[in-house]
Amino acid sequence: MQLESMYQEIILDHYKNPHARGLREPFDGESFQVNPTCGDEVTLRVKVTDDGKIEDVSYEGQGCSISQASTSVMTDLVIGHSVDEAMTTMDAFTELMQGRGQVEPDEDVLDDGIAFAGVAKYPARVKCALLGWMAFKDALARTSNGVEAG
Amino acid sequence: MTTTDSLPVDVTALRADFAILSRTVRDGKPLVYLDSGATSQRPTQVLDAERRFVETSNSAVHRGAHQLSEEATDAYEGARATIASFVGVSPGEVVFTKNATEGINLVAYAMSNAGTAGPESERFALGPGDEVVVTEMEHHANLVPWQQLCQRTGATLTWFPVTDEGRLDLSELDSMITERTKVVAFAHQSNVLGTVNPVEPLVRRAREVGALVVLDACQSVPHGVYGQGAVDFGALGVDFAVFSGHKMLGPSGIGVLYGRRELLEAMPPFLTGGSMIELVRMEGSTFAPPPQRFEAGVPMTSQAVGLAAAVDYLNGVGMERVAAHEHLLAERALAGLSEIPGVRIVGPEDTVDRGATVAFVVDGVHPHDVSQVLDSLGIAVRVGHHCAWPLHRACGVPATVRASFYLYNEPSEVDALVAGVREAQRFFGVGE
Ligand SMILES: Cc1ncc(COP(=O)(O)O)c(C=O)c1O
């Protein structure tokens with residue numbers, strides 16, 4: 001196995017220098033997610049504007065390089081976008097992760113997210129890559145705007 | 001350097017019995033299996049015994065008058081006798097279960113059934129004001145069933161804390177176990193820390209107050225005790241004990257619950273149905289004596305035969321040797337890992353009262369990432385909280401990497417682990 005196929009440079013970069021990290025106010029929805037097999041956890045907040053745009057995503061947590069980097073990449077992909085766009089991106093990322101390495105990622109949609117294609121070959125790590133996204137989806141559902149959009 | 005011929009166990013010869021140990025993983029890397037604490041590998045002898053049984057005598061035990069049924073019943077009861085003698089008890093005190101988890105649940109549910117099962121089972125009944133004492137280092141299997149029992153009965157759960165060195169803190173023994181205590185349940189050996197807990201003071205105190213002692217022997221029975229050999233429930237004086245076949249070279253799908261005879265005789269059943277009855281009428285039923293009372297339905301047979309073959313195998317090697325061999329491996333692993341800057345052992349750092357399960361964390365590299373690097377080198381370890389989440393919280397770590405050794409592991413595999421951890425540090429740019 002090539003370790004490098006899982007740990008792409010992009011992933012290691014995000015892991016070492018995570019984007020948008022820290023919990024910020026104000027926020028409209030918050031979610032706490034935990035991976036029961038390894039105890040990794042994330043607390044994540046979203047701020048949504050009145051016209052359904054994701055203004056901010058902030059988070060705190062502990063986890064492996066994959067979960068940390070994936071959450072960091074996610075903030076890049078969703079902040080400044082509409083809730084609908086974010087949901088489309090999430091679906092594309094989820095499909096990639098659950099594809100056992102058989103899904104060809106679309107760089108236009110997933111940008112740095114395509115670096116996780118190698119992780120999809122390791123079922124035990126897919127949950128790690130999706131932890132932040134699960135928190136994002138849940139936090140969004142807990143905002144009044146998010147519920148309308150969802 | 002330890003050469004393999006100076007080891008207590010002829011590990012080279014023995015490895016030939018375990019086909020899986022010669023396979024490769026992840027693009028041709030020889031498998032280094034350091035996850036026997038989760039489940040162990042099975043030698044040919046165990047597989048052969050199961051196959052022989054299925055090909056010659058397979059049929060439902062205790063149910064027919066035909067020859068096969070007779071043979072199957074003999075094989076099943078013979079297996080019970082072999083296994084009972086391995087742990088120093090009599091066959092009537094051994095109940096076969098699906099695994100250790102089911103054994104603990106059996107006792108916990110029998111206790112909640114005891115409230116309504118008549119006068120002879122009163123001693124098992126729990127209610128408000130009663131206490132169940134566990135420890136902070138329990139596997140979820142020896143924690144959640146007791147939490148649930150307390151919830152069903154109104155009893156209170158309390159627990160012994162763990163010291164910074166990863167040992168049980170028994171300094172408050174007498175105030176923790178009191179007249180209110182009905183059950184004391186604890187692991188003989190921690191599946192994370194490797195700590196071997198002192199059974200004697202806990203049993204002595206439990207006796208003083210009339211509490212029942214339930215020993216989780218999942219991680220001790222397979223490995224024996226250094227300097228002593230096989231675990232002997234009779235000598236330990238515990239009331240109940242459990243272990244799983246799959247952790248001791250045997251099949252999955254079979255575990256053992258030991259109960260002192262007079263307790264099993266008075267205890268109400270957990271699962272009911274066929275095979276466990278004495279007399280059935282439409283209005284109600286009476287139950288068979290133990291151990292049948294606790295084995296409802298057609299039991300696992302080839303698994304029992306396989307587990308007995310595993311016991312024969314372990315006896316053939318000798319449990320003193322098994323424990324001595326693992327002691328050497330633990331010593332080597334602790335020494336090798338502690339030498340690496342940034343690596344911290346979670347659990348006792350010496351080999352006193354300690355088995356060959358070594359949990360650790362690496363500064364700056366998450367356990368998942370350490371295990372991924374090890375996996376890429378063919379080294380199988382476990383990562384996470386190992387079903388002991390409260391223990392990890394108490395140790396201040398979200399997760400650990402755990403290497404667990406068994407009789408078939410070689411010193412060179414310990415060295416591979418140590419080198420692999422250094423490689424993980426290099427890959428993630430931490431350490432020297
Ligand atoms: C200490 C301890 N107790 C209980 C168990 C549960 O064993 P099983 O899953 O075979 O029921 C295990 C194994 O994971 C263990 O290590």
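Sequence lines set the chain letters: A, B, ... in the order given, protein chains first and strands last, and positions in each chain run from 1.
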Next on the checklist: If you count heavy atoms of other groups shown closer than 6.0 angstrom to CZ of B:R152, is the number above 12?
Outcome noted: yes
Item to check | Gap separating the CG atom of A:D40 from the NE2 atom of B:H368, nearest 0.5 angstrom | outcome: 6.5 Å
Checklist entry - Atom CZ in B:F428, atom OH in A:Y15: separation rounded to 0.5 Å? => result 7.0 Å
Item to check | Side-chain heavy-atom pair A:E4, B:F427 within 4.5 angstrom cut-off | outcome: yes
Checklist entry - Rounded to the nearest 0.5 Å, how far apart are CG of A:L3 and CD of B:E423? => result 7.5 Å
Checklist entry - Distance from B:Q372 atom CD to A:Y122 atom OH, nearest 0.5 Å? => result 6.5 Å
Checklist entry - Where the side chain of B:D369 meets the backbone of A:S65, is there a donor-acceptor pair that is under 3.5 Å apart? => result yes
Checklist entry - Looking only at heavy atoms, what is the nearest atom pair of A:Q62 and B:P398, with distance? => result NE2-CB, 3.3 Å
Next on the checklist: More than 12 heavy atoms of other residues, nucleotides or ligands under 6.0 Å from NZ of A:K47: yes or no?
Outcome noted: yes
Checklist outcome for this item: In this structure, OG of B:S371 is separated from CZ of A:R125 (nearest 0.5 Å) by 6.5 Å
Next on the checklist: Please classify the contact of B:V373 with chain A as side chain, backbone, both or neither, using a heavy-atom distance under 4.5 Å.
Outcome noted: both
Checklist entry - Within the side chain of B:H385, is there an N or O that forms a donor-acceptor pair under 3.5 Å with the backbone of A:P36? => result yes
